[in-house]
Number of protein chains: 2
Amino acid sequence: MPTINDVARAAGVSPSTVSYVLSGRRPISAETRARVQAAIAELGFHPHAGARALASSKTNVLALVAPLRVDVNVPVIMQFATAVVTAARAYNHDVLLLTKDEGTAGLERVAHSTMVDALILMDLERDDLRIPALRRLKQPSVLIGLPSDHTGIACVDLDFAAAARLALEHLAGHGHRRIGLVGPSPAVYRRQTTYADRFLAGFLEASAELDLRTVTHPCEPGAAGVRDAMADIDAQLSDLTALVVHNEEALRPLLDLLHATGRKVPDDVSIVAICPQDVATSMPVGLTSIDIPAHDVGTLAVETAMRLLDGRTVEYTRLLAPALVERNSCTEISPSHR
Amino acid sequence: MPTINDVARAAGVSPSTVSYVLSGRRPISAETRARVQAAIAELGFHPHAGARALASSKTNVLALVAPLRVDVNVPVIMQFATAVVTAARAYNHDVLLLTKDEGTAGLERVAHSTMVDALILMDLERDDLRIPALRRLKQPSVLIGLPSDHTGIACVDLDFAAAARLALEHLAGHGHRRIGLVGPSPAVYRRQTTYADRFLAGFLEASAELDLRTVTHPCEPGAAGVRDAMADIDAQLSDLTALVVHNEEALRPLLDLLHATGRKVPDDVSIVAICPQDVATSMPVGLTSIDIPAHDVGTLAVETAMRLLDGRTVEYTRLLAPALVERNSCTEISPSHR
DNA sequence: GGCCATCGTCGAAGCGTTTCGACAGATACC
DNA sequence: GGTATCTGTCGAAACGCTTCGACGATGGCC
């Protein structure tokens with residue numbers, strides 16, 4: 001492996017000049033630059049990352065902390081990761097993948113040993129124990145999610161409250177007034193990932209404002225969970241005409257159940273789902289849905305990290321506006337039901 | 001951030017002694033060791049990764065190259081990644097996540113700049129262009145998959161040929177003689193990820209040896225793809241009594257189709273699926289299946305990398321034996337069909 | 001024409017480790 | 001009791017880069 005000294009010798013300049021050609025931090029004559037670049041190319045020189053990190057105290061590496069348990073939302077997690085890696089590369093950074101289960105120790109390890117310049121975490125819980133640890137690090141961090149006390153730490157997420165409101169507004173706009181919410185599984189609420197609560201809060205608020213009759217219910221995974229949830233919802237709200245489904249896993253069994261019980265979508269029941277686009281389109285009937293914009297969120301997280309590293313200002317809470325895509329699961333309510 | 005010098009001063013020893021306490025490469029008296037460790041703990045010292053890499057030419061980082069396109073097999077990819085990260089941590093290594101779409105350039109970048117000690121790649125194609133590049137690197141690499149010419153590069157994967165044979169043997173053991181294979185989508189064959197071919201080859205070989213009547217057919221995604229595939233298979237092989245399904249995505253629509261056409265599983269059609277366990281169990285009828293042992297493969301890949309780094313010997317082609325788990329989708333063939 | 005900036009380059013001092021050779025003292029061996 | 005071998009520790013030299021201060025050469029300005 002050639003070093004910067006080899007390049008310098010080959011180009012007939014000093015090592016510092018090579019460094020300045022590489023970094024652009026000082027003016028270098030076009031001629032010298034050309035010679036240096038030729039030498040770099042010829043020798044196949046790549047600066048040694050460790051040496052660089054040592055000298056400059058910059059690693060050009062971001063930590064990404066992902067929940068690697070095999071979970072319901074694997075595809076979404078993967079989309080976040082994809083977006084983060086891709087965006088990081090656009091800023092000439094690499095990504096070190098950590099698992100959430102290493103907890104605080106993992107964060108401190110990579111931060112204290114100066115392996116990374118910044119951290120991006122996903123799957124934050126309401127009172128996430130990692131947050132106080134993050135505050136103590138010298139590296140900045142960006143959260144994908146919105147834990148309760150995140151003062152001084154940048155957060156990026158979909159605006160789930162607005163998403164709930166948007167779903168209800170859409171349904172109300174089609175004349176629906178009796179609407180059920182099929183929520184995430186109780187495990188999600190228990191885990192205290194706040195998106196479930198934020199969605200629920202937005203749902204209830206919009207429901208009140210729009211003067212709707214609504215019922216909300218969590219939903220255990222599997223066909224049985226869906227059956228139970230729907231039974232409860234139907235019992236509490238007879239003649240409902242629409243459902244909002246904030247539970248990706250429940251979608252398929254829910255559609256099966258409705259089909260089996262002779263309730264047609266959208267003729268008898270309209271549905272708005274909160275789920276990734278590909279899930280919405282892969283169902284027997286294309287679902288009108290609000291996307292989880294994992295790509296945008298991940299990209300934004302990286303951009304935020306970069307701003308922090310540059311010492312620029314950032315918005316500490318950035319909630320992305322939801323977008324609803326109409327497909328075939330919502331219809332104007334039939335006059336008989338008004 | 002305290003340095004090794006701070007620790008040395010606090011403990012009243014030289015920096016090299018601290019280093020030897022940390023690495024264990026030279027004997028240190030129990031008393032000195034204790035003092036040094038106390039100083040480390042008190043100061044909260046963490047060695048600087050870059051400095052370490054520079055001095056020792058070891059980074060304790062593995063590159064993991066993952067296909068981050070949002071693909072059919074996202075959950076499996078994720079399981080590989082989980083396993084790799086977890087296993088790496090057990091060897092005190094971290095994982096740098098690269099995307100396949102950076103191609104050869106990405107590998108060379110991280111290797112030449114000494115960011116990683118070894119590379120693990122997944123989703124290898126038959127004549128993968130990255131392989132010649134890997135050979136030129138000074139870092140060893142381990143492949144998850146089995147491209148055609150991999151001499152000198154360690155490979156780890158499930159033995160897909162044996163898996164196909166196992167599936168047929170299981171069915172034949174239950175009296176089935178007319179068996180269809182629902183294969184991966186043509187896109188998979190086109191992409192030349194060799195597992196599809198290896199499975200197919202094993203299937204055909206075992207089919208001949210067991211003297212079975214079989215038909216194989218790729219299967220496009222979606223309900224329509226499954227319908228077409230089954231139509232073709234049925235046309236070529238009337239009265240089939242069993243199916244082998246090597247297409248995770250097709251499973252659900254296939255079961256729907258069989259249900260809709262009044263063919264009961266397993267009474268009319270037995271099924272053996274090649275898919276992750278959770279997929280097999282999440283179907284309406286629990287599927288007898290051969291697992292993709294992503295966790296084992298990922299762990300083994302890391303272990304292999306570690307052996308290579310230690311200069312120990314490795315088996316350059318390691319194909320894991322498949323295991324079949326019986327559930328409720330296979331039954332002894334009814335006498336009338338014999 | 002003298003003075004100041006600016007440009008382009010160099011040399012040297014770090015950055016924080018690891019590792020090698022050296023060495024003093026203790027221990028073993030015959 | 002002298003030599004050889006360990007033990008335990010130290011000092012210093014890398015490792016390969018960035019960055020700061022310095023400095024000669026240009027060029028602009030009044």
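A note on names: the letters A, B, ... follow the listed sequences, proteins ahead of strands, and every chain is numbered from 1.
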Kindly point out which of C/dG8, D/dT7, C/dT9 is positioned nearest to the side chain of A/Ile28?
-> C/dT9
Check the distance between C/dT18's P and A/His48's NE2 and give it to me in whole angstrom.
-> 14 Å
Whole angstrom is fine here: how far is it from CG in B/Asp6 over to P in C/dC15?
-> 11 Å
At under 4.0 Å between heavy atoms, what does A/Ser16 touch on the DNA or RNA strands: base, sugar-phosphate, or nothing?
-> base
Counting just side-chain N and O atoms, does B/Arg25 come under 4.0 Å of either OP1 or OP2 of C/dT19?
-> yes
Find out whether B/Val110 and B/Val61 are in side-chain contact, i.e. whether some heavy atom of one side chain is under 4.5 Å from a heavy atom of the other.
-> no
Just call it for A/Val13: base, sugar-phosphate, or nothing, with non-hydrogen atoms closer than 4.0 Å on any strand.
-> sugar-phosphate
Does the pair B/Asp149/B/Arg135 count as a salt bridge with the N-to-O cut at 4.0 Å?
-> yes
Looking across every strand, which nucleic acid part, if any, lies under 4.0 Å from B/Ser23 by heavy atom: base, sugar-phosphate, or nothing?
-> nothing
Identify which nucleotide among D/dG8, D/dT18, C/dT17 has an atom closest to any side-chain atom of B/Ala55, counting heavy atoms from C-beta outward.
-> C/dT17
Whole-Å distance between D/dC15 P and B/Lys58 NZ?
-> 17 Å
Roughly how many Å is it from CG in A/Leu22 to P in D/dT19, rounded to a whole number?
-> 12 Å
Is the closest basic N to carboxylate O distance between B/Arg307 and B/Glu315 below 4.0 Å?
-> no
Determine the minimum heavy-atom distance between B/Leu158 and B/Arg198, stating which atoms define it.
-> O-NH1, 3.4 Å
Length of the line joining A/Arg35:CZ and C/dG8:P, which is rounded to integer Å | 14 Å
Expressed in angstrom and rounded to an integer, what is the separation of A/Arg26 atom CZ from C/dT6 atom P?
-> 14 Å
Where the side chain of B/Arg52 is defined as all heavy atoms beyond and including C-beta, which of D/dT18, C/dT17, D/dC15 is the nearest nucleotide?
-> C/dT17
Specify the residue among B/His46 and A/Arg33 whose closest nucleotide of DNA chain C lies further upstream toward the 5′ end.
-> A/Arg33
Sugar-phosphate, base or nothing in reach of B/Ser19, heavy atoms under 4.0 Å | base
How long is the line joining CG of B/Leu54 and P of D/dG16, in whole Å?
-> 7 Å
Which of these, B/Leu98, B/Leu96, B/Leu107, sits in a side-chain contact (heavy atoms from CB on, under 4.5 Å) with B/Val116?
-> B/Leu96
Would you mind classifying the nucleic acid contact of B/Pro47 as base, sugar-phosphate or nothing, using non-hydrogen atoms under 4.0 angstrom?
-> sugar-phosphate
Answer yes or no: side-chain N or O of A/Tyr20 and base N or O of D/dC20 forming a donor-acceptor pair under 3.5 Å.
-> yes
A/His112 atom NE2 is separated from C/dT17 atom P, nearest whole Å, by 14 Å
Distance check: side-chain N/O of A/Ser29 vs OP1/OP2 of C/dT9, anything under 4.0 Å?
-> yes
Closest nucleotide of DNA chain D for B/Ala51 versus for B/Thr17: which of these residues is on the 5' side?
-> B/Thr17
Look at A/Ser14 and C/dG11 and indicate whether a side-chain polar atom (N or O) is within less than 4.0 Å of OP1 or OP2.
-> no
Taking every non-hydrogen atom, the tightest pair across B/Ala11 and B/Ala39 = CB-CB, 4.0 Å
